[in-house]
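Here's the structure we're looking at; comments come further down.
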Amino acid sequence: MLDIRLIRSNPDLVKEAMAKRGAEVPVDELLDLDAQRRSLLTELEQKKAQRNSVSEKIGHLRKAKENADHLIAEMKELSEEIKEGDNQLRELEQKIRDILLIIPNIPHSSVPVGKDDSENVEVRRWGEAREFPFEPKPHWDLGVDLGIIDFERAGKVTGARFAFMKGLGARLERAVVNFMLDLHINEHGYLEILPPYMANGDSMTGTGQLPKFAEDMFKLEGEDYYLIPTAEVPVTNYYKGEILDGSQLPIYMVGFSPCFRAEAGSAGRDTRGLVRMHQFHKVELVKFVHPDNSYDELEKLTANAEEVLRRLELPYRVVTLCTGDTGFSSAKTYDIEVWMPSYDRFVEISSCSNFEAFQARRAEIRFRPEPGAKPEYVHTLNGSGVAVGRTVAAILENYQEADGSVTIPEVLRPYMGGVEKIAPGK
RNA sequence: GGAGGGGUGUCGGAGUGGACGAUCGUGGCGGUCUUGAAAACCGCUGAGGCGCAAGCCUCCGUGGGUUCGAAUCCCACCCCCUCCGCCA
């Protein structure tokens with residue numbers, strides 16, 4: 001959510017930013033509603049001040065056993081007006097909030113202007129894509145042939161875009177999770193969080209999934225509970241409505257959770273394999289930081305996510321998303337893309353964003369810079385550290401051998417009980 | 001799921017229709033005293049909105065309602081605690 005005061009004082013800046021994103025936003029309507037709200041508020045406050053002082057007077061008269069009927073009659077009328085005004089005000093505020101909640105964040109000045117993902121800018125590359133002396137298999141064939149992934153039975157038991165992981169496949173997934181968590185906890189200084197896997201509508205609004213992206217989520221019937229699309233939701237909302245002590249910042253948290261996504265509108269895309277599932281695991285990095293250094297924190301967070309791929313020795317690149325491709329709540333996003341041989345291109349495996357005060361304002365997460373000072377909004381950041389299913393897919397594909405086996409990356413072997421290879425027929 | 005109790009400021013805990021944005025204690029900050037510290041004493045100490053300011057308005061779990069006036073009365077919902085049931 002943007003600060004209404006910014007929109008009021010600098011509407012052109014906001015319009016320009018929205019144009020860069022390709023977003024249609026009714027700024028003028030908003031300003032008109034805001035002006036109405038402000039004049040109504042002034043009028044109402046005057047009336048309330050009068051009501052308060054006269055009501056007090058009535059109290060005094062009553063105590064003194066004097067007659068106050070004429071004042072009461074007068075106040076009855078004023079009260080009616082106030083009630084009506086309050087209703088109008090509530091309506092206006094609702095309309096204003098409804099609009100504010102669908103306005104995306106303003107892109108940071110360093111974000112390249114562009115219309116879609118074709119205009120994202122590569123900032124660095126790491127590792128070399130392996131040359132295969134044989135035709136590499138896609139991970140879904142490898143997984144099925146090795147007997148470690150079963151898509152077909154998942155289709156029977158649940159439906160499309162689900163999978164069973166079996167045997168060493170399940171173990172590999174678990175190893176990847178533990179490796180990532182240990183790295184971020186022990187070496188990068190994050191606090192481990194195991195969050196709830198459902199969150200209420202208010203939390204979903206806080207991080208920006210609602211109201212615009214309801215169709216992307218699974219909702220429990222008859223409840224205000226949604227399956228989380230990412231641990232970002234529960235972990236960021238952990239401090240919802242709170243005022244933190246400035247000395248606590250920065251706060252680093254790493255949450256592991258399954259993620260549930262309806263994938264509405266992606267019918268026909270990535271229908272095979274582990275890349276686009278209704279349920280997948282993700283290790284998510286979340287930061288609450290001082291506004292002055294949130295961009296340094298974004299660089300560090302991205303580096304923390306990259307470290308996962310370096311240790312797994314998976315080739316990747318980092319791109320800065322352009323204005324048209326940057327997510328709704330984000331001011332700046334780096335995507336990390338891993339090399340996927342079957343796609344013959346890089347595939348997104350992490351998305352690292354600085355939301356500045358956008359989420360903090362929605363979720364009311366503030367900090368007090370100094371004892372006694374006024375609270376300010378924190379800046380929130382998050383990034384996948386990284387997506388587990390896609391990591392497993394990338395390992396299978398990049399580490400496959402001509403005989404259909406898959407070598408386990410060195411760093412994962414301790415987590416696999418020393419297993420070095422997953423071979424067919426085992 | 002059933003029965004009962006409860007949600008008030010950092011925390012504890014008063015307050016059952018008007019002088020209560022809220023007694024008191026506690027914690028925090030500042031000061032007096034002291035060689036220093038502790039103790040004692042004095043003062044300050046929630047959030048938000050509008051305003052240059054003075055000041056005004058709103059907020060006692062949330063949302064409605066009654067009333068000239070609501071922390072206080074009524075209704076609904078949420079959360080917490082205790083007991084029972086059921087489970088992992």
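Residue numbering restarts at 1 for every chain, and letters A, B, ... go by the order of the sequence lines. Given the structure is predicted, the values throughout are model-derived calculations rather than measurements.
Rounded to whole Å, the P atom of B:rC60 lies 14 Å from the corresponding atom of B:rU10. The same atom, P, is picked in B:rU62 and in B:rU72; the two are 11 Å apart, to the nearest Å. Between the P atoms of B:rC41 and B:rU26, the separation comes to 9 Å (whole Å). One C1' atom belongs to B:rC57, the other to B:rC75, and the distance between them is 27 Å to the nearest Å. Rounded to a whole angstrom, the distance from the P atom of B:rC86 to that of B:rC80 is 22 Å. To the nearest whole angstrom, the two P atoms, one in B:rU23 and one in B:rU8, are 16 Å apart. With both ends at atom C1', the span from B:rC79 to B:rG61 equals 7 Å, rounded to whole Å. Rounded to whole Å, the separation between the P atoms of B:rC44 and B:rA53 comes to 23 Å.
B:rA54 is unpaired under the Watson-Crick or G-U wobble criterion, no partner having all donor-acceptor distances under 3.5 Å. When both distances must be under 3.5 Å, the Watson-Crick or G-U wobble mate of B:rG18 is B:rC68. Base-pair partner of B:rU82: B:rA3 (Watson-Crick or G-U wobble, both distances under 3.5 Å). Across all strands shown, B:rG27 pairs with B:rU45; the Watson-Crick or G-U wobble distances both stay below 3.5 Å. For B:rA38, there is no paired base (Watson-Crick or G-U wobble, both distances below 3.5 Å).
As rounded to whole Å, 10 Å separates atom P of B:rG64 from atom CD of A:Q94. When the P atom of B:rU10 is taken as reference, atom CG of A:D245 falls 13 Å away, rounded to whole Å. Remark: C1' of B:rU66 and CG of A:D86 are 16 Å apart, rounded to the nearest angstrom. A:D34 has its CG atom 12 Å from the C1' atom of B:rC50, to the nearest Å. The distance between atom CD of A:E56 and atom C1' of B:rU67, rounded to the nearest whole Å, is 17 Å. At whole-Å resolution of the value, CD in A:E80 and P in B:rC68 are 9 Å apart. Summarising the geometry, the separation between CZ on A:F367 and P on B:rA47 is reported as 14 Å, rounded to the nearest angstrom. For the pair A:I82 CD1 and B:rU58 C1', the interatomic distance rounds to 13 Å; values are reported in whole Å.
Residue A:R38 has a polar side-chain atom (N or O) positioned under 4.0 Å from OP1 or OP2 of B:rG51. For the OP1/OP2 pair of B:rU66 and a distance below 4.0 Å, the side-chain nitrogens and oxygens of A:K83 include at least one atom meeting the criterion. Contact between the side-chain N/O atoms of A:K374 and the OP1/OP2 oxygens of B:rG48 is found at a separation under 4.0 Å. In this model, the phosphate group of B:rG18 is not approached by any side-chain N or O of A:N52 to a distance below 4.0 Å at OP1 or OP2. Within the structure, a side-chain polar atom (N or O) of A:R90 is placed less than 4.0 Å from OP1 or OP2 of B:rG64. OP1 or OP2 of B:rC68 sits under 4.0 Å from a side-chain N or O of A:K76.
Using bins of under 30°, 30° to 60° and over 60° for the plane-to-plane angle, the ring pair A:Y239/A:F288 lands in the perpendicular bin. Classification of the A:F213-A:F328 ring pair by plane angle, with boundaries at 30° and 60°, yields perpendicular.
When atom types are taken as modelled, the side chain of A:T271 and the backbone of A:A267 share no donor-acceptor pair closer than 3.5 angstrom. A distance-only check finds a donor-acceptor pair linking the side chain of A:H290 to the backbone of A:D292 [under 3.5 Å]. At least one donor-acceptor pair closer than 3.5 Å links the side chain of A:R21 to the backbone N or O of A:N105.
Within 4.0 Å (heavy atoms only), A:K47 reaches no atom of the nucleic acid at all. If you check every strand for non-hydrogen atoms under 4.0 Å, A:L41 touches sugar and phosphate atoms only. Counting any heavy atom pair closer than 4.0 Å across all strands shown, A:K57 reaches no nucleic acid atom.
Between A:E192 atom CD and A:N186 atom CG the span is 9.5 Å, to the nearest 0.5 Å.
For the pair A:I72 and A:R8, both in contact range of RNA chain B, the more 5′-proximal nearest nucleotide belongs to A:R8.
In this structure, A:H379 has its ring center no closer than 6.0 Å to that of A:F355.
Distances were taken from every side-chain heavy atom of A:A49 (C-beta onward) to each of B:rG48, B:rG18, B:rC56; the shortest belongs to B:rC56. Of the candidate nucleotides B:rC57, B:rA47, B:rA19, B:rC57 has the atom nearest to the side chain of A:K48.
A donor-acceptor pair shorter than 3.5 Å cannot be found between the side chains of A:S329 and A:Q359.
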Summarise how protein sits on nucleotides 69-81 of chain B as a single string, 5' to 3': B when a protein heavy atom is under 4.0 Å from the base, S for sugar-phosphate-only contact, - for no contact. S---------S--
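Cation-pi geometry between A:R361 and A:Y377 is met: under 6.0 angstrom from the ring centre, within 45 degrees of the axis.
A salt bridge does not link A:E221 to A:K219: none of the charged nitrogens lies less than 4.0 Å from a carboxylate oxygen.
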